[in-house]
Amino acid sequence: MASQTIPQSFKDREFFPSFRGCSWEDVQDTETNRKHWCLLGDIIQADTFIRPRIVARDNQGNQFVVAFYPDNPNDMPRLLKNFKVGNTIAIFYAVAHQFLDGTTGVRVEDSDKIIPLNLGDTMKMNQDVIDYTPAEGHPPKCHACDETKASLDICSRCTLFRYCDKDCQTKAWKEKGHQKFCKVLKDKNIKYMNFLNYGHYNGSVTFT
């Protein structure tokens, strides 16, 4: 999959639609194989009785069901990691599905990820990645004091944010949310979600 040096905004509705913005399973979408898209939702209910099932709420307040039918049964431990209320479900290539009980939602077989942050924090994390990733040929900016310098220390954990010194790193850790975001962004899949070239499709995203 193609990546890009400039992060992709999760606010972009072309690539991050609401549930109502997703096509239905039986509707052919000519764009399907020409771009990546991802449905994000706050997990508001999580059940593992019989089959893992989530109720989520998207950024427009729409609720939808997510039912898991993994192609590979050995993938279940990954699916169930962080499977709890308050986290964010990210579903690539989501299409709307009507279940036998009359509810509507998304049937997931693969290409999903649970982010251990609520949706608001997930959006804030993405915005910080955008704001503090320097454009090509431009110097980086300190995540704490916003000072621009040619040489800044980089966070050794997430490798995305930079700091003037230890004091600035401590300030950002406590006051700018880096304590929450750093561990999440160490996950190569979540980091990759921020830099994927969503407009260039050359194969489906898969998570490990």
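Qualifying ring-ring contact (aromatic ring centres under 6.0 Å, His included) partners for Tyr132, counting only residues two or more places apart in sequence or in other chains: His143. The side-chain hydrogen bond (donor to acceptor under 3.5 Å, both in side chains) test applied to Thr159 returns Lys191, not counting sequence neighbours. Legend: residues meeting salt bridge (Lys or Arg N to Asp or Glu O under 4.0 Å) with Asp58, ordered by chain and number and at least two apart, are absent. Applying the side-chain hydrogen bond (donor to acceptor under 3.5 Å, both in side chains) test to Arg13 and every residue at least two apart in sequence or in another chain returns nothing. Evaluation of the side-chain hydrogen bond (donor to acceptor under 3.5 Å, both in side chains) rule for Gln45 yields Asp47 as partners, not counting sequence neighbours. By the side-chain hydrogen bond (donor to acceptor under 3.5 Å, both in side chains) test, Gln98 is found to be paired with no residue, residues two or more places apart in sequence or in another chain being considered. Remark: Asp42 pairs with no residue by the salt bridge (Lys or Arg N to Asp or Glu O under 4.0 Å) rule, at least two apart or across chains. Partners of Arg20 according to the side chain to side chain contact (heavy atoms under 4.5 Å, CB included) rule, which considers only residues two or more places apart in sequence or in another chain, are Ser18, Asn62. In this structure Arg53 satisfies the salt bridge (Lys or Arg N to Asp or Glu O under 4.0 Å) test with no other residue, sequence neighbours excluded.
Side-chain atoms of Leu152 and Cys164, non-hydrogen and from C-beta on, do get closer than 4.5 Å to each other. A heavy-atom distance below 4.5 Å is found between the side chains of Phe83 and Phe68. When side chains are defined from C-beta on, Ile114 counts as touching Ile54, because their heavy atoms get closer than 4.5 Å. Counting heavy atoms from C-beta on, the side chains of Lys113 and Ile91 never come closer than 4.5 Å. Using a 4.5 Å heavy-atom threshold, the side chains of Gln60 and Phe19 count as separate.
A side chain to side chain donor-acceptor pair (under 3.5 Å) with Lys124 is found for one member of Asn126, Asp128, Thr122 and no other, namely Asp128. Results of the side-chain contact (heavy atoms from CB on, under 4.5 Å) test with Asp112 over Ile89, Thr206, Val106 single out Ile89 as the only residue that passes.
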Show me the donor-acceptor pairs, under 3.5 Å and distance only, between side chains in residues 135-142 and residues at least two apart or in other chains.
from, atom 1, to, atom 2, distance (Å)
His138, ND1, Glu136, O, 3.3

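Phe181 and Ile130 fall into different hydrophobic clusters, defined by Ile, Leu, Val, Met, Phe, Trp and Tyr side-chain heavy atoms under 4.5 Å apart, directly or through other members. Cluster annotation: Ile154 and Ile6 are assigned to distinct hydrophobic clusters (Ile/Leu/Val/Met/Phe/Trp/Tyr, side-chain heavy-atom contacts under 4.5 Å, transitive). Connection of Phe10 to Tyr192 is established within a shared hydrophobic cluster, with ILVMFWY side chains joined at heavy-atom distances below 4.5 Å, either directly or through further cluster members. Hydrophobic clustering (ILVMFWY, side-chain heavy atoms < 4.5 Å, transitive): Tyr163 and Trp173 are in distinct clusters.
Identified under the salt bridge (Lys or Arg N to Asp or Glu O under 4.0 Å) test for residues 95-108, with sequence neighbours left out: Arg107-Glu109. Sequence neighbours left out, the pairs with a member in residues 161-184 that pass salt bridge (Lys or Arg N to Asp or Glu O under 4.0 Å) are Asp121-Lys180.
The aromatic ring centroids of Phe15 and His36 lie 6.0 Å or more from each other.
Closest of all the heavy-atom pairs between Pro17 and Leu39 is O-CD1, 3.4 Å. The shortest non-hydrogen separation linking Ser204 to Tyr93 is CA-OH, 3.3 Å. Between Trp24 and Val95 the shortest heavy-atom distance is C-CB, 4.4 Å.
At distances below 3.5 Å, not a single donor-acceptor pair connects side-chain atoms of Asp12 with backbone N or O atoms of Gln8.
Using bins of under 30°, 30° to 60° and over 60° for the plane-to-plane angle, the ring pair Tyr198/Phe92 lands in the parallel bin.
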